[in-house]
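Read the structure below first, then the notes.
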Amino acid sequence: MKASKDHGNFFTSNFGLSNDPIPIEPYFSSEWFKREREKVFKRSWVCVGREENIGEPGDYLVRDIPILNASALVTRAADRKVRAFYNVCQHRGNLVAQTACGHKRSRFTCNFHGWSYDLHGRLVQVPDEKVFYNIDRDQHALKPLHCGVWNGFIFVSPDPARPLEEEFADLGKLVDGYDFALPVVGSYTAEVKGNWKVFLDAFQEAYHVIALHATTVRPTFAGSDNPFAHLTSARIFDRNRSISVYGNPDHRMRPSETLAFKLGVASTYTPDMEKNAALSAAGLNPEGDKNWAFDINIMFPNMELLMGVGWYAQMQFWPVAPDHTHYEVRIYMKAPRDAGDAISQEFNKVMLYDVLLEDLYTIENTQAVLKARADGNFIFGDHEVACRHNYEVVSQMVETRS
Amino acid sequence: MTEKTLPAEFKDLEPFAADWVFPTQKRRRMKRLSSNMDAIGAFYSVILPRIEAVARHLGPRPLDQLAPEEQRLLWMAYMFMEVAPAVEIFGQPEVRGNTFPYARFFEANPITGGAIVDDDN
Ligand code: FES
Ligand SMILES: [Fe+2]
């Protein structure tokens with residue numbers, strides 16, 4: 001849905017969302033967090049890596065998922081299929097795979113008593129097996145997690161409410177044709193004392209650009225014809241959502257930025273709006289917005305893809321506790337053809353890192369005082385429609401019986 | 001340092017070769033954060049007019065075909081991009097205003113997402 005110039009409450013009402021104040025208890029309560037574990041995270045899909053990470057049979061990776069109190073073991077067997085298991089030995093519960101990732105494995109041997117499992121999770125060896133009273137090996141295979149691949153991203157779920165293809169079908173249509181198999185040029189992480197929704201909300205609106213990013217990217221993403229960095233369009237697909245961010249065509253570039261655009265292709269956004277429009281067919285700028293910079297596609301519950309021409313960033317917000325989130329961001333860019341591209345990309349990597357430090361700053365401050373105003377509210381404006389939608393989806397799931 | 005460490009055409013940058021060439025973004029960032037603005041400004045103003053020549057010199061070649069002195073030249077160009085915001089925006093090495101601490105925002109293993117805390121990356 002394209003933004004409208006003359007409506008204060010446009011997206012929110014057209015998407016059928018309420019514009020009431022939002023209770024803040026869900027953003028700090030341990031009770032609520034427990035229910036999110038059961039009703040949201042156990043029933044949803046979370047991303048554990050890219051398919052390229054385990055490209056060959058025998059490759060594997062291990063991923064901790066704190067909110068599920070689980071470690072996932074993801075393998076690729078000789079049949080090339082990607083499978084996921086709880087990384088728990090069926091003897092007495094030790095971790096089966098202790099290293100974070102590796103290659104050329106045919107089996108995983110628990111280092112406690114030496115039980116072994118193959119890449120299909122089958123129990124293949126038990127030392128001194130006869131003392132276990134005719135153990136049925138099939139009964140003691142690794143417990144599988146539901147596992148699927150969407151555009152090269154590997155997702156797992158304990159008990160998905162919907163099949164993966166169905167859950168992300170509409171977002172899939174939006175990004176159809178986009179090449180996600182790009183090299184990672186930057187990968188960063190932080191432990192932040194904030195609720196995962198407070199965190200995600202800071203990354204699903206552009207209203208904060210004019211204040212929080214006043215000295216950095218404000219002139220890039222706000223301009224005379226859009227002084228408050230209004231979204232150019234927004235979309236909702238059931239639990240998932242997608243917003244498009246404005247780029248200021250009159251932005252006066254700094255010397256390093258001028259060089260970056262002159263020398264190379266890959267950039268966090270290009271001010272060449274005609275080029276952007278031409279490229280929008282390849283999974284970007286779904287509504288053909290004028291002065292479009294990039295899209296933010298939010299995949300429920302805890303991942304988003306910020307996507308532009310020649311680059312994308314994958315962010316994951318892993319809940320650890322009601323007031324603690326493990327944050328990961330990976331920057332992917334088209335492989336540089338030459339030094340000019342590489343220098344150009346460096347401009348954007350540096351800029352992104354510095355700007356993310358600004359983004360991360362507000363989260364702990366917000367969280368630190370939330371409890372003290374337990375009866376307070378959040379107010380979401382029309383251009384924070386994605387934050388509101390997230391609240392409504394989560395609370396609906398948390399409050400359903402069953 | 002008597003040895004030439006950059007391609008001959010870039011003699012003018014040689015005085016910076018010993019202190020402003022690092023192979024990783026983290027090292028470059030640490031150099032930026034531990035330098036004062038006089039030093040950063042001196043480096044910035046000498047290299048700014050040379051960046052296009054660097055790109056031209058390294059030419060339309062894949063990056064894995066660079067000779068060691070060419071590789072150092074490229075890392076120096078990256079260093080330019082690292083200090084550019086300090087000079088062009090902040091007037092100080094770090095981001096201006098209150099921010100999340102640099103020391104808590106780590107380089108991560110791209111596969112596992114785990115923080116890389118040693119100094120070699
Ligand atoms: S716990 Fe794994 S072999 Fe005993
Ligand atoms: Fe931001």
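The figures that follow rest on heavy atoms only: side chains count, while hydrogens, waters and symmetry mates do not. We name chains A, B, ... by the order of the sequence lines, and we start the count at 1 in each one.
Of the listed residues (B/Ile89, B/Asn98, B/Leu63, B/Thr112), the greatest number of heavy-atom pairs within a distance under 4.5 Å of chain A belongs to B/Asn98. Counting heavy-atom pairs closer than 4.5 Å to chain A, the top residue among B/Gly114, B/Gly113, B/Ala55, B/Ala84 is B/Gly113.
Neither side chain, B/Glu107 nor A/Tyr353, offers a donor N or O lying under 3.5 Å from an acceptor on the other. Using modelled atom types, one finds a donor on one side chain and an acceptor on the other under 3.5 Å when comparing B/Glu88 with A/Ser256.
Only the side chain of B/Phe80 comes within less than 4.5 Å of a heavy atom in chain A; its backbone stays farther off. Within the 4.5 angstrom heavy-atom criterion, atoms from both the backbone and the side chain of A/Glu346 approach chain B. Only the side chain of B/Val54 comes within contact range of chain A, judged by heavy atoms closer than 4.5 Å. Only the side chain of B/Leu74 has a heavy atom closer than 4.5 Å to any heavy atom of chain A.
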Residue pair B/Gln25, A/Tyr188: steps toward the side-chain contact (heavy atoms from CB on, under 4.5 Å) verdict: CA-CA 11 Å; B/Gln25 188 185 7; A/Tyr188 315 105; 2.5 Å; yes
Worked verdict on B/Arg28 versus A/Val350 for side-chain contact (heavy atoms from CB on, under 4.5 Å): CA-CA 10 Å; B/Arg28 290 188 287 273; A/Val350 170; over 6 Å; no
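For the pair B/Phe90/A/Asp354, a side-chain contact is recorded, criterion being any heavy-atom separation below 4.5 Å from C-beta on. Contact check for B/Phe100 versus A/Glu358: no side-chain heavy atoms found under the 4.5 Å cut-off. Side-chain contact between A/Leu263 and B/Ile51 is present, with heavy atoms from C-beta onward closer than 4.5 Å.
Looking only at distances, no side-chain donor or acceptor of B/Thr99 sits under 3.5 Å from a matching main-chain atom of A/Tyr361. The closest donor-acceptor contact from the side chain of A/Arg337 to the backbone of B/Pro60 lies at 3.5 Å or more, if one exists at all. The backbone N or O of A/Asp338 sits nowhere less than 3.5 Å from a side-chain atom of B/Arg61 that would complete a donor-acceptor pair.
Between B/Glu52 and A/Lys262, at least one side-chain N (NZ, or NE/NH1/NH2) sits under 4.0 Å from a carboxylate O, which counts as a salt bridge. Ion pairing of A/Lys349 with B/Glu82 is absent here, as no side-chain N (NZ or NE/NH1/NH2) approaches a carboxylate O to less than 4.0 Å.
Nearest heavy atoms, B/Ile111 versus A/Arg63: O-NH2, 3.7 Å.
Using the six-membered ring where Trp is involved, A/Tyr327 and B/Phe105 have ring planes that are parallel, under 30° apart on the 30 and 60° scheme.
Against chain A, the residues from residues 36-49 of chain B that qualify, each with a non-hydrogen atom under 4.5 angstrom away, are B/Tyr44, B/Leu48 in number order.
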